[in-house]
Student: 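So that we are looking at the same thing, I have put the structure below in structure tokens.
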Amino acid sequence: MDQIKPNILVILADDWGYGDVSCLNRESRIQTPYTDELAAGGMTFRDAHSNSAVCTPTRYGLLTGRYAWRSRLKQGVLFGYSRELIEDDRPTVASLLRDAGYRTACIGKWHLGLGWQNADGSLVPVEHDGHDDPGVDFTAPLRHGPHTVGFDYSLILPASLDMPPYCYIENGRVIDPPNAQCDSSERPAFWRGGAIAPGVEHETCLLEFTRRAEAFIAQHAEQSSDTPFFMYLPLPSPHTPHVPRAPFQGQSDCGTYGDYVVEHDWSIGQVLATLERNGLRDNTLVIVTSDNGAHMRGDGFDFEEAFGHRSNYIYRGQKSDVWDGGHRVPFFMSWPDRIAAGSVCDQTISLLDITATCVELAGVPLPEAAGEDSVSLVPLLDGDLDQPVREMVVTSSVTGRDAIRSDRWKLIEGPGSGGWSMPDPQVDSSMPSMQLYDMIDDPSEERNVISDHPKVVSTLLASLEQCRHGSSSSSSQD
């Protein structure tokens with residue numbers, strides 16, 4: 001008898017650091033009981049990486065199983081008015097699962113560009129930087145978005161909660177046109193000024209997405225219980241603006257940011273409770289992770305110094321950096337019917353691998369032109385933790401600086417962080433031009449051993465070039 005296809009729920013945090021999860025950081029000054037409970041009931045991955053240290057490229061990689069530098073985006077992120085990044089003919093995990101009989105939904109922050117139409121019916125040009133409104137007709141349907149890349153249902157915010165326009169888009173149409181302007185706000189409730197729709201409040205956005213996710217699950221259980229669902233739930237938290245609602249204020253020892261993490265954790269708990277309440281929990285694979293590391297320092301603040309809390313745990317750097325603090329992320333998988341409770345995996349994996357994993361669980365082959373950088377984690381779910389599923393993982397900084405990780409070795413193709421912690425203008429001219437770290441003996445990347453292992457460097461550089469110029473990097477050990 002064939003195994004019943006699982007429901008699949010992917011909850012993606014925004015700027016949630018490895019050390020922000022209390023079960024991963026014994027010294028955490030933030031408690032995350034709902035995530036801790038999920039981890040205790042499933043598998044914790046302690047060496048998981050986003051393919052980029054910033055939002056947009058990671059999201060592209062998660063949904064397509066493909067490095068974002070294979071697309072037009074070589075560095076940086078998109079903005080609220082940017083054109084779509086996912087190509088018209090690009091299969092996504094959503095489209096592949098929909099073809100396999102799944103009902104698919106996207107609820108949350110999109111940040112992958114959209115097909116906005118101008119007043120004359122033309123599309124916003126790809127060259128537009130996405131910052132300012134180029135004359136969008138908010139009453140016109142969007143010609144690209146989650147509704148065109150495989151999602152049966154979608155309720156999204158165009159980009160980050162600190163980027164205009166601030167409006168909800170349901171199934172390719174703006175619900176209420178943003179006909180007012182909001183002013184910029186300073187930290188911690190930081191957002192950029194711009195167009196905002198009536199009824200949209202930064203403080204209640206996380207709650208809105210939580211309730212919408214709960215409603216989808218409940219409605220699915222009532223009307224479509226014989227069909228599996230795939231829900232991609234990219235929450236806007238705990239990215240700026242840090243706007244915890246009143247019940248969560250003062251609930252951490254880390255100020256407003258910590259309180260917002262507590263609310264984020266609560267949101268995860270609410271969605272999991274809805275699965276349980278509707279009898280769907282046992283056969284639902286839940287993946288909880290983050291798009292990159294936490295933003296600890298910048299714009300005149302130092303979170304660690306202020307609160308004595310290490311959002312990115314022992315790992316060097318922060319969001320934007322090619323150091324591990326930028327891309328080593330919390331990653332948990334729970335599936336009561338299949339994954340052993342309390343299991344731990346120390347293999348190096350990537351968020352890219354979500355695509356191949358989900359497609360295999362759906363019982364369909366991954367097409368040759370899809371998910372070319374994605375590797376299935378299914379063997380790990382079944383407890384085969386000794387055989388590596390990946391030969392290497394490539395990660396990129398906000399400026400497009402690459403690092404390659406293979407086994408214990410990590411090579412960074414340049415000096416500094418490639419991001420905000422140590423940008424190139426701040427790099428001392430005496431520093432080596434590249435960095436090599438032994439991530440087993442030196443997980444905090446304190447000792448650059450580039451001059452001690454020339455053969456390792458040569459091998460990693462060759463693998464990196466092969467990955468860049470090849471059409472695929474997803475082969476496991478051959």
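These numbers were taken from a predicted model, which means no experiment stands behind them.
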Student: Would Arg187 pass as a cation-pi partner of Phe190, given that its NZ or CZ must be under 6.0 Å from the six-membered ring centre and within 45 degrees of the axis?
Tutor: yes
Student: Output the distance between atom CD1 (Ile156) and atom CG (Leu112), rounded to the nearest 0.5 Å.
Tutor: 9.0 Å
Student: Aromatic rings Phe138 and Trp116: how do their planes relate, parallel, tilted or perpendicular, breaks at 30° and 60°?
Tutor: perpendicular
Student: Test your reading of the model: is there a side-chain donor-acceptor pair from Thr35 to the backbone of Thr32, 3.5 Å cut-off?
Tutor: no
Student: I'd like to know if the side chain of Glu445 and the backbone of Tyr315 have a donor-acceptor N/O pair within less than 3.5 Å.
Tutor: no
Student: Tell me whether Arg66 is salt-bridged to Glu87, with the criterion being a basic N under 4.0 Å from an acidic carboxylate O.
Tutor: yes
Student: Could you go through Arg103 and Asp152, starting from their C-alpha distance and side-chain angles, then the distance that decides it, and tell me whether this counts as salt bridge (Lys or Arg N to Asp or Glu O under 4.0 Å)?
Tutor: CA-CA 7 Å; Arg103 182 180 177 217; Asp152 297 315; 5.9 Å; no
Student: Test: salt bridge (charged side-chain N to carboxylate O under 4.0 Å, His left out). Region: residues 340-349. Which pairs qualify, not counting sequence neighbours?
Tutor: Arg46-Asp346
Student: With the side chain counted from C-beta on, respond yes when Thr274 and Arg277 share a heavy-atom pair under 4.5 Å apart, and no when they do not.
Tutor: yes
Student: May I ask you to decide if the ring planes of Tyr257 and Phe303 are parallel, tilted or perpendicular, using 30° and 60° as cut-offs?
Tutor: perpendicular
Student: Side chains of Arg281 and Ser334: donor-acceptor distance under 3.5 Å anywhere?
Tutor: yes
Student: Can you confirm whether Asp20 sits close enough to His264 that some side-chain heavy atom of one is under 4.5 Å from a side-chain heavy atom of the other?
Tutor: no
Student: Looking at CD of Glu413 and CG of Asp402, how far apart are the two atoms once the value is rounded to the nearest 0.5 Å?
Tutor: 6.5 Å
Student: Do the side chains of Met439 and Asp324 get nearer than 4.5 Å, heavy atoms only?
Tutor: yes
Student: How far apart are the closest heavy atoms of Tyr81 and Val136, and which atoms are they?
Tutor: CD2-CG2, 3.8 Å
Student: Set out, in order, the CA-CA distance, both residues' side-chain angles and the distance that settles side chain to side chain contact (heavy atoms under 4.5 Å, CB included) for His144 and Ile86, then state yes or no.
Tutor: CA-CA 9 Å; His144 297 277; Ile86 298 176; over 6 Å; no
Student: Return the minimal non-hydrogen interatomic distance between Cys55 and Lys319, and the atom names on each side.
Tutor: SG-NZ, 4.3 Å
Student: Work out which heavy atom in Cys467 is nearest to a heavy atom in Tyr67; give both atom names and the distance.
Tutor: SG-CE1, 3.8 Å
Student: Is the shortest heavy-atom distance from the side chain of Glu263 to the side chain of Arg245 under 4.5 Å?
Tutor: yes
Student: Between Thr104 and Gly150, what is the shortest heavy-atom contact and its length?
Tutor: OG1-O, 2.7 Å
Student: Given side chains that start at C-beta, do those of Ser421 and Ser320 come closer than 4.5 Å, heavy atoms only?
Tutor: no
Student: When Leu161 is tested against each of His111, His202, Lys109 for side-chain contact (heavy atoms from CB on, under 4.5 Å), which residue passes?
Tutor: His202
Student: With a 4.5 Å heavy-atom cut-off, do Asn25 and His309 have their side chains touching?
Tutor: yes
Student: Return the CG to CH2 distance between Leu207 and Trp266, rounded to the nearest 0.5 Å.
Tutor: 5.5 Å
Student: Between Gln270 and Arg211 (side chain of the first, backbone of the second, donor and acceptor by atom type, cut-off under 3.5 Å), is there such a pair?
Tutor: no
Student: So Cys358 and Tyr102, side chain to side chain contact (heavy atoms under 4.5 Å, CB included) or not? Walk me through it.
Tutor: CA-CA 11 Å; Cys358 293; Tyr102 276 70; over 6 Å; no
Student: Closer than 3.5 angstrom, by distance alone: can the side chain of Asn312 be matched with the main-chain N or O of Gly317 as a donor-acceptor pair?
Tutor: yes
Student: Taking the inter-plane angle between the rings of Tyr260 and His242 on a 0 to 90° scale, is it parallel (under 30°), tilted (30 to 60°) or perpendicular (over 60°)?
Tutor: tilted
Student: For the backbone of Gly419 and the side chain of Ser417, can you confirm whether one donor and one acceptor N or O come within less than 3.5 Å of each other?
Tutor: yes
Student: Would you say the side-chain atoms of Thr348 and Asp47 include a donor-acceptor pair closer than 3.5 Å?
Tutor: yes
Student: Mind running salt bridge (Lys or Arg N to Asp or Glu O under 4.0 Å) on Arg212 and Glu170 for me, showing each step along the way?
Tutor: CA-CA 11 Å; Arg212 291 281 188 151; Glu170 188 172 34; 3.3 Å; yes
Student: Could you tell me whether the side chain of Ser350 reaches within less than 4.5 Å of the side chain of Thr58, counting heavy atoms only?
Tutor: no
Student: When the ring planes of Phe331 and Phe45 are compared, do they come out parallel, tilted or perpendicular, using 30° and 60° as the limits?
Tutor: perpendicular
Student: Is there a side-chain contact between Val21 and Asp36 in this structure, where contact means two heavy atoms from C-beta onward sitting under 4.5 Å apart?
Tutor: yes
Student: Looking at Asp265 and Gln31, would you say the former's side chain and the latter's main chain have a donor-acceptor pair under 3.5 Å?
Tutor: no
Student: Just by modelled atom types, is the Leu63 backbone N or O under 3.5 Å from a matching donor or acceptor in the Thr92 side chain?
Tutor: no
Student: Hey, what do you get for CG (Asn171) to CG (Leu142), rounding to the nearest 0.5 Å?
Tutor: 11.5 Å
Student: At what distance, to the nearest 0.5 angstrom, does OG1 of Thr210 lie from CD1 of Ile268?
Tutor: 9.5 Å
Student: Under the salt bridge (charged side-chain N to carboxylate O under 4.0 Å, His left out) definition, can you give me all pairs with a residue in residues 171-185, not counting sequence neighbours?
Tutor: none
Student: Show the numbers, then the answer: is there a salt bridge (Lys or Arg N to Asp or Glu O under 4.0 Å) between Asp302 and Arg297?
Tutor: CA-CA 5 Å; Asp302 187 321; Arg297 301 179 183 89; 3.1 Å; yes
Student: Can we say Arg447 and Asp441 salt-bridge, meaning some charged N sits less than 4.0 Å from an Asp/Glu carboxylate O?
Tutor: no
Student: Counting only heavy atoms from other residues, nucleotides and ligands, does the tally under 6.0 Å from CD of Gln426 exceed 12?
Tutor: yes
Student: Evaluate the side chain to side chain contact (heavy atoms under 4.5 Å, CB included) criterion for residues Phe209 and Leu155: first the C-alpha distance (whole Å), next the side-chain angles of each, then the deciding distance (0.1 Å), finally the verdict.
Tutor: CA-CA 8 Å; Phe209 289 139; Leu155 186 284; 3.4 Å; yes
Student: If we ignore hydrogens and angles and just use 3.5 Å, is the side chain of Thr399 paired with the main-chain N or O of Gly418 as donor and acceptor?
Tutor: yes
Student: Counting distance only, does the side-chain N/O of Arg83 pair as donor-acceptor with the main-chain N or O of Gly113 below 3.5 Å?
Tutor: no
Student: Give me the atom names and distance for the closest heavy-atom approach of Val200 to Cys167.
Tutor: CG2-CA, 4.2 Å
Student: Taking all non-hydrogen atoms of both residues into account, name the closest pair between Met231 and Ala213 and its distance.
Tutor: CE-O, 3.7 Å
Student: For the side chain of Lys410 and the backbone of Asp407, is there at least one donor-acceptor N/O pair under 3.5 Å apart?
Tutor: no
Student: With a sphere of 6.0 Å drawn around CD of Glu37, does it hold more than 12 non-hydrogen atoms of other residues, nucleotides or ligands?
Tutor: no
Student: As a quick check of understanding, evaluate side-chain hydrogen bond (donor to acceptor under 3.5 Å, both in side chains) for Asn292 and Ser50, giving each step before the final call.
Tutor: CA-CA 6 Å; Asn292 46 249; Ser50 55; 5.9 Å; no
Student: Does any donor atom in the side chain of Asp321 or Ser397 lie under 3.5 Å from an acceptor atom in the other side chain?
Tutor: no
Student: Nearest 0.5 angstrom please: Ser376 OG to Asp353 CG, how far?
Tutor: 8.5 Å
Student: After noting the C-alpha distance and the side-chain angles of Tyr437 and Glu446, does the key distance pass the side chain to side chain contact (heavy atoms under 4.5 Å, CB included) rule?
Tutor: CA-CA 8 Å; Tyr437 298 103; Glu446 295 177 344; over 6 Å; no
